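Report on one structure; see the data block that follows.
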Amino acid sequence: MKRTALQQLIEWKHRPDRKPLIIRGARQVGKTWLMKEFAKNEYDSYIYVNFEFDITLKTLFDEGLQPERILFNLKTFSGIDPKPQKTLIIFDEIQEVPLGLTALKYFCENAPEYHVVAAGSLLGLTLHHSVSFPVGKVQFLDMYPMDFIEFLYALKQDRFVELLKNKKFETITTFKSQYIEWLRQYYVVGGMPEAVASFVKNYDFDKVREIQKNILDQYESDFSKHAPNDIVPRIRLLWHSILPQLSKENKKFIYAKIKSGARAKEFELAMAWLQDCGLIKQVFCVNKPALPLKAYMDFSAFKLFMVDVGLMVAMSELDVKVILEGSRIFQEFKGALTEQFVFQQLSQNENLVIAYWVSDSLKAEIDLLVQYSNEIIPIEVKATENLQAKSLKVFCEKHNPKIAIRTSLSNYREDLWLNNIPLYAIGNYFD
């Protein structure tokens with residue numbers, strides 16, 4: 001597989017101010033594969049420790065956090081003599097031993113010549129409870145499911161990826177039907193690496209669905225295993241509420257839709273828990289589309305998106321044919337599916353701040369509003385070739401943005417007041 005995060009790791013390796021790196025991301029997004037692949041390609045050797053399974057090594061940091069002592073024990077454990085610059089040290093599932101996080105500080109201060117990478121699926125939970133977290137002594141990389149570009153790479157469609165990256169829209173339009181077919185496949189398969197690998201090997205959607213169900217079951221198991229007992233029921237209620245709430249015409253998340261009489265305070269810990277695990281993301285409404293966008297966010301009004309569009313489809317239990325054939329029977333869900341896809345592609349871009357906008361009259365709504373290069377750009381998301389953009393027009397007449405985008409299945413086109421970007425090209429539009 002080709003993951004764009006590999007390039008980020010290579011850049012980290014060569015940074016003059018390099019510090020130990022922590023990779024954050026939900027379970028099953030490919031963190032372990034990424035670290036090992038990086039080690040195999042860029043180092044003479046590597047030492048891999050998984051603190052979830054290598055139980056005997058949970059005591060690695062108990063007797064002291066000096067790098068030389070830890071390195072000696074790692075050599076004894078692995079049989080590999082760690083060399084500065086030449087050996088990558090990998091601590092996986094490091095949240096299982098919070099002292100390991102503290103140890104990264106001493107690698108930064110006393111042994112910066114050693115390259116150390118750490119990762120954890122539930123790392124966000126540990127970071128909130130660790131009083132000795134090495135602030136300023138580590139760097140971070142956020143890991144996500146595979147995006148649409150990486151999906152095409154997995155399908156060996158490199159030449160079609162290059163067309164998207166170079167924005168060769170005349171040629172792209174020639175192959176429009178093929179891009180749409182891959183897009184619909186991606187809606188079903190999503191970006192979880194195991195699901196993608198299975199699809200590339202077998203082209204069997206039933207096997208993909210089985211893998212996705214297993215991943216969802218693992219998430220549910222994590223709820224019971226790691227969350228405080230008193231909030232587990234609320235985590236489950238909130239988690240299963242995301243899909244029906246996104247499928248509403250008004251996608252604003254409403255606590256009362258979780259259960260009758262529910263209030264924000266009752267679910268705030270459950271919300272934080274799911275965010276810390278990387279399973280959900282909030283997108284807030286802004287009351288004024290101005291710079292900086294974060295200054296105008298209304299933190300009481302938001303949409304919730306899931307970690308992966310394929311998992312969202314699996315949770316819906318929709319027949320695959322319904323999506324692949326573009327059936328009308330899921331008309332309302334189609335909008336939720338498409339908005340989840342667009343958000344998932346854009347959210348991986350660290351140069352974007354993402355929100356949404358609703359007019360004072362509540363009659364117009366911009367699905368996604370992004371801050372990019374000191375511009376506020378409205379994006380209206382359309383699931384089909386629908387060229388109507390009423391809300392976008394209202395926004396543009398009121399706020400006069402330099403750029404306005406409608407993303408749909410229609411071809412690329414530039415009008416006087418907006419650009420139409422095909423859905424399959426939206427992910428790299430801001431690159």
Side-chain angles (χ1 to χ4, degrees), residues 24-29 31 52 93 95-96 120-129 143-145 187-188 190-192 194-195 208-248 250-284 299-319 330 332-333 335-337 339-341 343-344 347:
R24 300 177 292 196
R27 190 181 293 280
Q28 298 286 345
V29 296
K31 299 183 297 298
E52 193 169 44
E93 301 298 349
Q95 79 279 348
E96 296 291 329
S121 300
L122 302 170
L123 198 52
L125 305 178
T126 303
L127 298 187
H128 279 297
H129 294 96
M143 187 79 179
Y144 301 93
Y187 283 171
V188 175
M192 304 308 278
E194 186 182 358
V208 168
R209 180 64 62 87
E210 183 179 339
I211 289 168
Q212 291 166 332
K213 291 282 190 180
N214 286 337
I215 293 173
L216 290 170
D217 286 344
Q218 286 181 46
Y219 289 166
E220 296 261 359
S221 177
D222 280 341
F223 300 165
S224 300
K225 183 179 178 182
H226 297 284
N229 290 335
D230 59 328
I231 68 166
V232 170
R234 279 169 277 174
I235 290 173
R236 294 188 190 281
L237 284 170
L238 197 158
W239 174 245
H240 290 285
S241 175
I242 297 171
L243 181 62
Q245 297 231 28
L246 261 183
S247 300
K248 299 188 282 95
N250 175 6
K251 295 178 175 60
K252 174 185 174 183
F253 193 84
I254 300 172
Y255 286 100
K257 295 288 184 181
I258 300 178
K259 67 174 186 177
S260 179
R263 295 289 183 268
K265 188 174 182 179
E266 183 182 358
F267 284 90
E268 59 187 12
L269 287 179
M271 183 81 71
W273 200 94
L274 288 170
Q275 289 188 84
D276 287 342
C277 292
L279 298 185
I280 63 172
K281 282 204 172 184
Q282 290 176 296
V283 173
F284 296 100
F299 295 109
S300 67
F302 58 89
K303 303 176 186 180
L304 275 189
F305 290 97
M306 292 182 62
V307 64
D308 179 62
V309 66
L311 293 182
M312 178 173 150
V313 170
M315 189 180 281
S316 76
E317 299 190 1
L318 268 177
D319 190 301
F330 75 121
E332 288 189 10
F333 181 64
L337 182 69
E339 199 168 326
Q340 167 72 39
F341 165 78
F343 171 76
Q344 191 171 331
S347 63

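From a predicted model like this one, the values you see are computed outputs, not experimental measurements.
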Heavy atoms, side chains only, cut-off 4.5 Å: are [X] and [Y] in contact?
X	Y	result
L279	M306	no
L238	L304	yes
Q340	F305	yes
R236	S224	yes
C277	Y219	no
F299	Q282	no

Where the side chain of [X] meets the backbone of [Y], is there a donor-acceptor pair that is under 3.5 Å apart?
X	Y	value
Q245	I254	yes
Q344	G190	no
Q28	M192	no
S247	L243	yes
K281	K303	no

Notebook entry, point to check: Thinking salt bridges, do E220 and K213 make one under a 4.0 Å N-O criterion?
Noted result: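 Between K213 and E220 there is no salt bridge, as every charged N stays at least 4.0 Å from the carboxylate O atoms.
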Next item on the list: Could you verify whether a donor N or O on one side chain and an acceptor N or O on the other, from E93 and Q95, lie under 3.5 Å apart?
Entry: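 Yes - a donor-acceptor pair under 3.5 Å links their side chains.
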Checklist line | Separation between CG of D276 and CE of M271, rounded to the nearest 0.5 Å | finding: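 It comes to 12.0 Å.
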